[in-house]
Visitor: 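My questions all concern the structure below.
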Amino acid sequence: MPRISRLPSSLLRAAACTGIAALTLTACGSGSGSGTANAGSGSVKVGLITKTDTNPFFVKMKEGAEKAAKENGVELSTAAGKFDGDNAGQVTAIENMVAAGVKGILITPSDSKAIVPAIEKAKAKGVLVIALDTPTDPESAVDALFATDNLKAGELIGQYAKAAMKGKTAKIAALDLAPGVSVGVQRHNGFLKGFGATDKDVACAQDTGGDQSKGQTAMENCLQKEPGINVVYTINEPAALGAYTALKAKGREKDVLIVSVDGGCTGTQAVKDGKIAATSQQYPLKMAAEGVKAVATYAKDGKKASGYTDTGVTLITDKAQDGVTSKDTAYGLDNCWG
């Protein structure tokens with residue numbers, strides 16, 4: 001989650017942004033996520049940099065930022081990586097936004113460690129930097145973090161899966177994200193904690209990048225390795241739906257428990273349809289809205305947001321289990337994203 005040097009592009013775009021800033025703020029940045037800013041009534045500029053502009057999670061995050069920018073009278077500039085893991089693209093976006101005079105930057109880091117030097121340079125120039133959804137490594141590299149408690153999200157579905165198994169011996173498949181990515185690590189560890197298991201109890205672990213087709217391939221590989229798998233933890237709902245497709249091809253879709261994290265509308269509908277047993281729903285719109293408000297406050301009175309703010313997580317299922325707090329898919333669909 002190959003790094004490509006983009007220095008010449010960065011310098012050119014920074015110059016372009018600087019010139020444009022004198023007239024009106026537009027979103028200058030690398031990647032496919034650049035777009036027109038929302039012009040507020042004031043001169044405070046806020047930048048939003050997401051991992052991609054195609055994932056529904058980040059689309060909803062952008063919507064939340066746009067709405068909050070209008071409500072708080074600030075100007076929003078957006079950018080995104082060309083793909084999940086495009087650290088070079090995010091670095092260029094930071095450089096461009098700093099050159100354009102933003103007061104604060106909101107970012108979902110593609111590479112939690114590699115992005116830190118660029119963040120430090122921005123902060124040294126007085127820019128408030130807030131991470132959304134994904135913490136940096138170290139977390140203290142940014143001024144503040146607005147995110148789901150991903151450990152808790154994993155723990156909730158782990159507790160649910162344990163209760164739903166009702167004492168049956170579990171053979172677990174873990175369809176993870178990618179090595180070293182904090183969100184994936186936290187969700188994986190949370191699931192094991194909630195289930196009361198360790199990595200030694202996982203019969204098969206595969207990385208999926210959160211992709212549906214890769215999730216299907218991963219599940220196929222796990223079924224070859226351990227045909228008796230009866231519990232599947234997935235990093236997100238696209239991976240879960242890929243797993244479901246693989247299980248259905250083997251006639252196993254009704255006797256394997258699939259749990260996941262995200263709470264997107266497609267995933268929540270899959271819970272309602274019985275393809276996924278339960279999911280932990282998170283709220284990207286709230287992350288972005290709170291981030292924009294924090295920058296507006298900083299611009300107004302110099303007060304910096306700090307530390308970690310939990311933006312909430314809810315277990316969604318239509319098959320509630322004793323001792324595990326949850327809400328049904330009607331609630332989930334009312335509060336989903338994508």
Side-chain angles (χ1 to χ4, degrees), residues 1-21 25-37 45-66 76-102 104-125 127-137 141-142 145 147 177-184 207 209-211 214 236 238 284 287-288 291 295:
M1 274 189 153
R3 306 289 182 257
I4 302 173
S5 174
R6 299 174 181 266
L7 183 58
S9 174
S10 170
L11 293 173
L12 288 172
R13 294 186 186 186
C17 282
T18 303
I20 292 171
L25 184 68
T26 58
C28 294
S30 69
S32 58
S34 300
T36 303
K45 302 177 179 67
V46 182
L48 171 67
I49 304 170
T50 53
K51 295 180 183 180
T52 71
D53 64 352
T54 55
N55 186 315
F57 184 88
F58 300 122
V59 171
K60 181 57 68 173
M61 185 175 282
K62 183 177 177 180
E63 289 177 8
E66 289 171 340
L76 179 70
S77 176
T78 65
K82 292 181 179 179
F83 52 88
D84 196 334
D86 181 15
N87 181 69
Q90 290 196 322
V91 168
T92 300
I94 290 175
E95 293 170 349
N96 291 341
M97 289 178 177
V98 171
V102 296
I105 292 174
L106 315 175
I107 184 169
T108 60
S110 280
D111 189 317
S112 297
K113 287 186 177 181
I115 198 66
V116 169
I119 288 173
E120 290 176 341
K121 289 179 181 178
K123 289 174 62 179
K125 293 186 177 181
V127 177
L128 179 71
V129 183
I130 297 174
L132 305 180
D133 178 56
T134 304
T136 51
D137 185 4
V142 290
L145 168 67
L177 186 57
V181 180
S182 57
V183 168
D207 292 329
D211 178 79
K214 291 179 181 178
N236 64 5
M287 296 176 197
V295 176

Visitor: Looking at CD1 of Ile130 and OG1 of Thr108, how far apart are the two atoms once the value is rounded to the nearest 0.5 Å?
Guide: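 Output value for this atom pair is 13.5 Å.
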Visitor: Which heavy atom of Ala288 sits nearest to which heavy atom of Leu106, and what is that distance?
Guide: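 Smallest heavy-atom distance, with atoms named: O-CD1, 4.0 Å.
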Visitor: Quick one: do Leu48 and Lys62 satisfy side-chain contact (heavy atoms from CB on, under 4.5 Å)? Show the steps, please.
Guide: CA-CA 8 Å; Leu48 171 67; Lys62 183 177 177 180; 4.2 Å; yes
Visitor: Kindly indicate, with the supporting measurements, whether the criterion side-chain contact (heavy atoms from CB on, under 4.5 Å) is fulfilled by Ser110 and Ile115.
Guide: CA-CA 8 Å; Ser110 280; Ile115 198 66; over 6 Å; no
Visitor: Between CZ of Phe58 and CG of Asp53, what distance do you get to the nearest 0.5 Å?
Guide: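 Those atoms lie 10.5 Å apart.
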Visitor: Tell me, which pairs form a salt bridge (charged side-chain N to carboxylate O under 4.0 Å, His left out) where one or both residues lie in residues 113-124, sequence neighbours left out?
Guide: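 Listed once each, the pairs are Lys113-Asp137.
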Visitor: Locate the shortest heavy-atom distance separating Ser182 from Thr134; write the atom from each residue and the value.
Guide: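 Minimum heavy-atom separation between Ser182 and Thr134: OG-CG2, 3.6 Å.
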Visitor: Please name the pair of heavy atoms, one in Pro135 and one in Leu145, separated by the smallest distance, quoted to 0.1 Å.
Guide: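 Smallest heavy-atom distance, with atoms named: CB-CD2, 3.8 Å.
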Visitor: At their closest point, which heavy atom of Ile94 faces which heavy atom of Ala122, and how far apart are they?
Guide: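 Nearest pair, atom of Ile94 first, then Ala122: CG2-CB, 4.0 Å.
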Visitor: For the atom pair NZ (Lys82) and OG1 (Thr54), what is the distance rounded to the nearest 0.5 Å?
Guide: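 It is 13.5 Å, given to the nearest 0.5 Å.
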Visitor: Find the distance between NZ (Lys45) and CD1 (Ile105) and round it off to the nearest 0.5 Å.
Guide: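 Reported to 0.5 Å precision, the distance equals 13.0 Å.
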Visitor: For a side-chain contact (heavy atoms from CB on, under 4.5 Å) check, start with the C-alpha distance between Ser77 and Met97, then their side-chain angles and the critical distance, and finish with the verdict.
Guide: CA-CA 8 Å; Ser77 176; Met97 289 178 177; 4.0 Å; yes
Visitor: Closest approach of Val102 and Val98, non-hydrogen atoms and distance?
Guide: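 Smallest heavy-atom distance, with atoms named: CG2-N, 4.1 Å.
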Visitor: Which atom pair, heavy atoms only, marks the closest approach of Ile49 to Ala93?
Guide: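 Reported closest heavy-atom pair: CD1-CB, 3.7 Å.
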Visitor: Would you mind reporting whether Asp207 and Pro179 have side-chain heavy atoms less than 4.5 Å apart?
Guide: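 Of all side-chain heavy-atom pairs linking Asp207 with Pro179, at least one is under 4.5 Å.
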Visitor: Phe57 vs Asn236, test: side-chain contact (heavy atoms from CB on, under 4.5 Å). Steps then yes/no.
Guide: CA-CA 11 Å; Phe57 184 88; Asn236 64 5; over 6 Å; no
Visitor: Between Ile119, Ile107, Thr50, which is the residue that forms a side chain to side chain contact (heavy atoms under 4.5 Å, CB included) with Gln90?
Guide: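 Result: among Ile119, Ile107, Thr50, Ile107 is the only option passing the side chain to side chain contact (heavy atoms under 4.5 Å, CB included) with Gln90.
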